[in-house]
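Scroll down for the structure; my scribbles are underneath it.
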Amino acid sequence: SDAISRDRQIRFHYFEYTISKQRRYRKEGAFYVVSPLALMWDNENYYLLAWDAKAALRKHYRVDKMTDISALEVPREGAADAAQLDLSAYSQKVFSMFSGEEQTVRLRFANHLVGAVLDRFGKDAFLSRADDAHFNATVKVQVSPQFYSWVFGFGGEVKILSPGHVAQGLCAAAREVLALYSE
């Protein structure tokens, strides 16, 4: 956050764990150099949202997997991208920091789940009565495995109404899991 307030790029090493619980540094141990935009909390972890100028993309890094972090005496890049970014809306749309293609999705929920929908999508979610026991929600989401997991978490109390290919994606994910247990 110091680099953000000082408008400086940072560099760091980034690792993942191997099966033997050893750290394996990505990019063969080369430094990542990025322009930090914000720190975000999601699913028990802090993430750094940063602008990667080489790739010309916004990227996420788990803070607990970053080492040897230092600020560079180089001004941040990606200011144009950062300026148009509504951070709270962005974090609500990105499920567990995995991005997919953003789409408008209609879902039917059991009435008692209205709080969960508003927590996830904010007051901008479009809600309408479906019947005495259900409501429909029209929301913008990043369609990803994490989105499907979120929907799955409600069991039979949520149904993806449209678009059809998003509903089919959930069915395909369910079949994949079912196949593991059918062997």
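No experiment lies behind these values; they were computed from the predicted model shown.
Although no hydrogens or angles enter the test, the distance criterion places no donor-acceptor pair under 3.5 Å between the side chain of H13 and the main chain of T67. With Q9 contributing its side chain and P75 its backbone, the two residues share a donor-acceptor pair below 3.5 Å. Without hydrogens or angle criteria, Y148 side chain to V166 main chain gives a donor-acceptor distance under 3.5 Å.
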Under 3.5 Å, which donor-acceptor pairs link side chains of residues 125-132 to any protein atom two or more places apart or in another chain?
from : atom 1 : to   : atom 2 : distance (Å)
R129 : NH2    : D132 : OD1    : 2.2
D131 : OD1    : A133 : N      : 2.8
D131 : OD1    : H134 : N      : 2.8
D131 : OD1    : H134 : ND1    : 3.0
D131 : OD2    : H134 : ND1    : 3.3

Show your working on side-chain contact (heavy atoms from CB on, under 4.5 Å) between D68 and R11 and close with a plain yes or no.
CA-CA 8 Å; D68 311 311; R11 75 176 195 170; over 6 Å; no
Take V143 and H165, measure what side-chain contact (heavy atoms from CB on, under 4.5 Å) needs, and give me the verdict at the end.
CA-CA 11 Å; V143 176; H165 69 271; over 6 Å; no
Report the C-alpha distance between L170 and F147 in whole Å, list the side-chain angles of each, state the deciding distance to 0.1 Å, and finish with yes or no for side-chain contact (heavy atoms from CB on, under 4.5 Å).
CA-CA 9 Å; L170 180 73; F147 167 67; over 6 Å; no
Under the criterion side-chain contact (heavy atoms from CB on, under 4.5 Å), I'd like the reasoning laid out for L107 against F154: C-alpha separation, chi angles, the key distance, then a yes or no.
CA-CA 12 Å; L107 305 109; F154 297 108; over 6 Å; no
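In this structure, K27 is not positioned above the aromatic face of Y14 in the sense of NZ or CZ being under 6.0 Å from the six-membered ring centre and within 45° of the axis.
Scanning all heavy atoms of the two residues, the minimum distance from A3 to P36 falls at CB-CG, 4.1 Å. Between A137 and V117, the closest heavy-atom pair is CB-CG1, 4.2 Å. Contact record, R8 with A71: CB-CB, 4.5 Å, taken as the closest heavy-atom pair. Counting all heavy atoms, side chain and backbone alike, F12 lies closest to I69 at CB-CG1, 3.8 Å. Between L178 and S182 the shortest heavy-atom distance is O-OG, 2.7 Å. Smallest separation of non-hydrogen atoms from A55 and D52: N-OD1, 3.1 Å.
In this structure, CG on D7 lies 10.5 Å from CD on E77, to the nearest 0.5 angstrom. The line from OG of S162 to CG of N136 is 9.0 Å long, rounded to the nearest 0.5 Å. The line from CG of L48 to CE of M40 is 10.5 Å long, rounded to the nearest 0.5 Å.
Ionic pairing of E73 and R6 is present here: one or more N-O contacts between side-chain nitrogen and carboxylate oxygen are shorter than 4.0 angstrom. For the pair E16 and R26, the salt-bridge criterion is met [side-chain N within less than 4.0 Å of a carboxylate O].
Other residues, nucleotides and ligands place no more than 12 heavy atoms under 6.0 Å from the CD atom of E176. Atom NZ of K65 has more than 12 neighbouring heavy atoms from other residues, nucleotides or ligands inside a 6.0 Å radius.
A heavy-atom distance below 4.5 Å is found between the side chains of L113 and E157. In this structure the side chain of S70 never reaches within 4.5 angstrom of the side chain of I10, judged on heavy atoms.
Scanning for ring pair (Phe, Tyr, Trp, His ring centres under 6.0 Å) contacts around Y17 gives F15, with sequence neighbours left out. Residues passing the ring pair (Phe, Tyr, Trp, His ring centres under 6.0 Å) test with F135 are F109, sequence neighbours excluded. Among residues two or more places apart in sequence or in another chain, the salt bridge (Lys or Arg N to Asp or Glu O under 4.0 Å) test is passed with R108 by none.
Below 30°, between 30° and 60°, or above 60°: for Y32 and Y61 the angle between ring planes is above 60°, a perpendicular geometry.
Grouping Ile, Leu, Val, Met, Phe, Trp and Tyr by side-chain contacts under 4.5 Å, direct or through others, puts V74 with V33, L72. Hydrophobic side-chain contacts under 4.5 Å tie L161 to no other Ile, Leu, Val, Met, Phe, Trp or Tyr residue.
Linking ILVMFWY residues whenever their side-chain heavy atoms come closer than 4.5 Å, directly or via other members, leaves I4 and Y46 in distinct clusters. M66 and L57 sit in two unconnected hydrophobic clusters of ILVMFWY residues. Membership requires side-chain heavy atoms under 4.5 Å apart, directly or through other members.
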